[in-house]
K.L.:
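Provided herewith is a single structure, encoded as structure tokens, for subsequent inquiry.
Computed from heavy atoms alone, side chains included, the values below leave out hydrogens, waters and symmetry copies. Each chain gets a letter, A, B and so on, in the order the sequences are listed, and its residues count up from 1.
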Amino acid sequence: MLDPQILRNDIEATAQKLATRGYQLDVEAWNELEKNRKHYQILQEQLQNHRTVKSKSIGQAKAKGEDIAPLMDEVKAIGVQLDEAKAKFEEIQKEVQKLTMYMPNLAMDDVPLGKDEEDNVEVRKWGEPTAFDFEPKDHVDLGVKNGWLNSESAAKLSGSRFTVLSGTIAKLQRVLAQFMLDTHTSQNGYTEHYVPFLVNEATMTGSGQLPKFADDAFITTDEKYLIPTAEVPLTNLYANTIIAKRDLPVKMTAHTPCFRKEAGSYGKDTRGMIRQHQFEKVEMVQIVHPQDSNQALEDMTACAEGILKALEIPFRTIVLCTGDMGFGAAKTYDIEVWLPGEDQYREISSCSNCTDFQARRMKTRYRDENEKKPQLVHTLNGSGLAVGRCLIAVMENYQNQDGTIRVPKVLQPYFGGLEVLN
RNA sequence: GGAGAGGUGGCAGAGCGGCUGAAUGCACUGGUCUUGAAAACCAGCAAGGAUUAAUAGUCCUUCGUGGGUUCAAAUCCCACCCUCUCCGCCA
């Protein structure tokens with residue numbers, strides 16, 4: 001949610017900024033709505049005040065043994081007016097809510113302007129696309145050939161966009177997640193958490209998935225949502241909380257499955273396990289002082305990159321343009337890993353600074369002795385990394401001509417020294 | 001799933017129709033005392049919102065959530081949610 005103050009006092013500039021993100025705000029209609037809001041809010045509060053004052057005088061009159069009948073009639077009349085004003089105000093508030101809850105965050109000034117992924121800008125590149133002296137296969141061919149990967153079985157069990165992993169590849173995925181978690185907790189200062197995979201509506205709203213993206217999430221019969229990312233439970237751990245300034249920054253990580261309907265991507269990435277309804281991810285979340293969020297984004301992105309460097313897999317990092325960023329983000333870096341099977345870079349991590357956008361929805365604040373009131377924190381989240389896609393990246397980059405896969409050096413201890421999977 | 005108890009400020013905990021945004025204690029902040037600290041004593045200390053140039057003042061809201069009764073609700077009624085204890089079931 002945006003700061004209501006800027007929507008009142010700086011509507012023109014805000015509308016322009018929103019436009020860079022593909023959100024068209026009808027300024028005239030907004031101003032009209034805002035005018036009404038102000039009128040009815042003031043009216044309602046005044047009537048409320050009148051009633052309270054009069055009601056109290058009834059108590060006093062009664063104590064003195066005076067006749068209270070005329071006073072009671074008067075208060076009753078105020079009550080009727082109040083109910084009317086209240087109803088009107090609530091109606092307006094609902095409209096305001098409807099607009100503000102669907103407005104994306106504002107982009108930071110250094111985010112490149114653009115319409116879609118075509119306008120994203122590469123900021124750095126690590127390594128060169130892996131060279132092979134044979135024609136590299138993609139993860140599907142490698143997986144099916146070795147009995148590691150089976151989408152027919154998954155379809156039988158569940159439907160499309162699911163995969164069954166078997167044998168050493170199933171273990172490789174587990175090991176990758178563990179390696180990531182170990183790295184973030186022992187080297188990067190994150191605290192590991194185990195969190196619920198089903199959350200309530202308030203939690204999904206706090207981090208921005210609802211109400212706008214209801215169609216992307218799986219909902220259970222008792223109104224719980226399957227988490228689309230661990231960002232949701234991790235960030236909301238601090239919903240409705242005032243954090244002491246000395247406890248910032250909070251750095252959390254978790255390994256969870258993620259569930260997504262992929263409603264908007266029919267026919268896209270249907271081959272293999274690039275885009276699934278269920279996938280594993282290690283997530284990083286930071287809650288920081290507003291002054292520190294820019295630096296925290298750089299640090300977090302470096303932590304995600306660090307995993308790929310340790311695995312020795314080539315990647316590049318891009319900064320998303322205004323039009324391609326997610327709803328709650330003010331600035332986002334995507335890390336794209338090289339996939340020989342596709343002969344292109346594919347997203348494996350997305351690290352975002354959400355500034356105070358989620359904090360305002362969640363009411364997450366920090367207390368500074370120098371400030372009179374608690375202030376909103378900034379929140380950040382980033383994949384560190386998408387485990388399923390990382391599995392693909394290892395398979396494709398570490399493949400041998402005979403279809404076996406070499407184990408990256410840093411993972412070998414997890415396999416008891418094993419160097420090749422077959 | 002069944003029975004019972006309960007949800008009040010950062011925490012603990014009173015209040016059970018108007019004088020209660022809420023006693024008291026702890027924690028926290030400032031001060032007195034002290035070489036310094038502790039103790040003691042004094043003072044302060046909820047959040048959100050509207051208005052406003054204002055972090056000045058004024059006003060509104062909030063005692064789990066949502067409804068209801070009433071001139072007036074933390075306090076009475078109803079529904080729901082959550083927590084705890086016991087029983088049942090179960091990895």
K.L.:
So if I take every side-chain heavy atom of R365(A) and compare against G48(B), A50(B), C60(B), which nucleotide ends up nearest?
P.N.:
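Closest nucleotide to the R365(A) side chain: G48(B).
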
K.L.:
As a test of reading the structure: which of A46(B), C71(B), A50(B) is closest to the side chain of M72(A), going by heavy atoms?
P.N.:
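Output: C71(B).
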
K.L.:
Can you tell me, in whole Å, how much space there is between the C1' of U75(B) and that of G21(B)?
P.N.:
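Going atom to atom, C1' in each nucleotide, I get 14 Å.
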
K.L.:
Using the C1' atom as the reference point in each nucleotide, state the distance between G10(B) and G2(B) in Å, no decimals.
P.N.:
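Those two atoms are separated by 37 Å.
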
K.L.:
If the test is side chain to side chain donor-acceptor pair (under 3.5 Å), which one of D334(A), N105(A), T332(A) qualifies with S352(A)?
P.N.:
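For S352(A), the side chain to side chain donor-acceptor pair (under 3.5 Å) test succeeds with only one of D334(A), N105(A), T332(A), which is T332(A).
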
K.L.:
Taking atom C1' in both A79(B) and U69(B), what distance in whole Å separates the two?
P.N.:
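Taking atom C1' in both A79(B) and U69(B), they lie 15 Å apart.
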
K.L.:
Answer yes or no for K251(A) and Y190(A): cation-pi contact, defined as NZ/CZ to six-membered ring centre under 6.0 Å and angle to ring axis within 45°.
P.N.:
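Relative to the ring axis of Y190(A), which defines the angle, K251(A) lies inside both limits.
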
K.L.:
Within the 4.0 Å heavy-atom criterion, would you say P4(A) contacts the bases, only the backbone, or no part of the nucleic acid?
P.N.:
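Result for P4(A) = nothing.
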
K.L.:
Classify the nucleic acid contact of R360(A) as base, sugar-phosphate or nothing, counting any heavy atom under 4.0 Å across all strands shown.
P.N.:
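Since no nucleic acid heavy atom lies under 4.0 Å of R360(A), the category is nothing.
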
K.L.:
On a whole-Å scale, what distance lies between the C1' atoms belonging to C76(B) and C16(B)?
P.N.:
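Those two atoms are separated by 9 Å.
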
K.L.:
Please state the C1' separation for the pair G15(B) and A73(B) - nearest whole angstrom.
P.N.:
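Nearest-Å result for G15(B) against A73(B) at atom C1': 13 Å.
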
K.L.:
Which listed nucleotide (A47(B), U61(B), C71(B)) is nearest to the side chain of Q48(A)?
P.N.:
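Given the options A47(B), U61(B), C71(B), the side chain of Q48(A) is closest to U61(B).
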
K.L.:
Just name whichever nucleotide pairs with G57(B), Watson-Crick or G-U, keeping both distances under 3.5 Å, else none.
P.N.:
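U51(B) - that is the nucleotide pairing with G57(B), both distances being under 3.5 Å.
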
K.L.:
Side chain of T52(A): nearest nucleotide among U51(B), C71(B), C60(B)?
P.N.:
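When the side chain of T52(A) is considered, C60(B) is the closest of U51(B), C71(B), C60(B).
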
K.L.:
By nearest atom, which of the nucleotides G18(B), A46(B), C59(B) is closest to the N49(A) side chain?
P.N.:
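Among the listed nucleotides, the one closest to the side chain of N49(A) is C59(B).
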
K.L.:
Taking the side chain of K38(A) as heavy atoms from C-beta outward, which of U52(B), C60(B), A47(B) is closest to it?
P.N.:
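Looking only at heavy atoms from C-beta outward on K38(A), the closest nucleotide is U52(B).
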
K.L.:
What I'd like to find out is whether the side chain of T322(A) reaches to under 4.5 Å of the side chain of D119(A), using heavy atoms alone.
P.N.:
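They are not in contact (no side-chain heavy atoms under 4.5 Å apart), so the answer is no.
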
K.L.:
Identify which nucleotide among C59(B), G48(B), A50(B) has an atom closest to any side-chain atom of P374(A), counting heavy atoms from C-beta outward.
P.N.:
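The answer is G48(B).
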
K.L.:
Do C354(A) and N381(A) have side chains that approach each other closer than 4.5 Å (heavy atoms only, starting at C-beta)?
P.N.:
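Of all side-chain heavy-atom pairs linking N381(A) with C354(A), at least one is under 4.5 Å.
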
K.L.:
Are T379(A) and F357(A) packed together at the side-chain level, in the sense that at least one heavy-atom pair is separated by less than 4.5 angstrom?
P.N.:
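No, every pair of side-chain atoms sits at 4.5 Å or beyond.
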
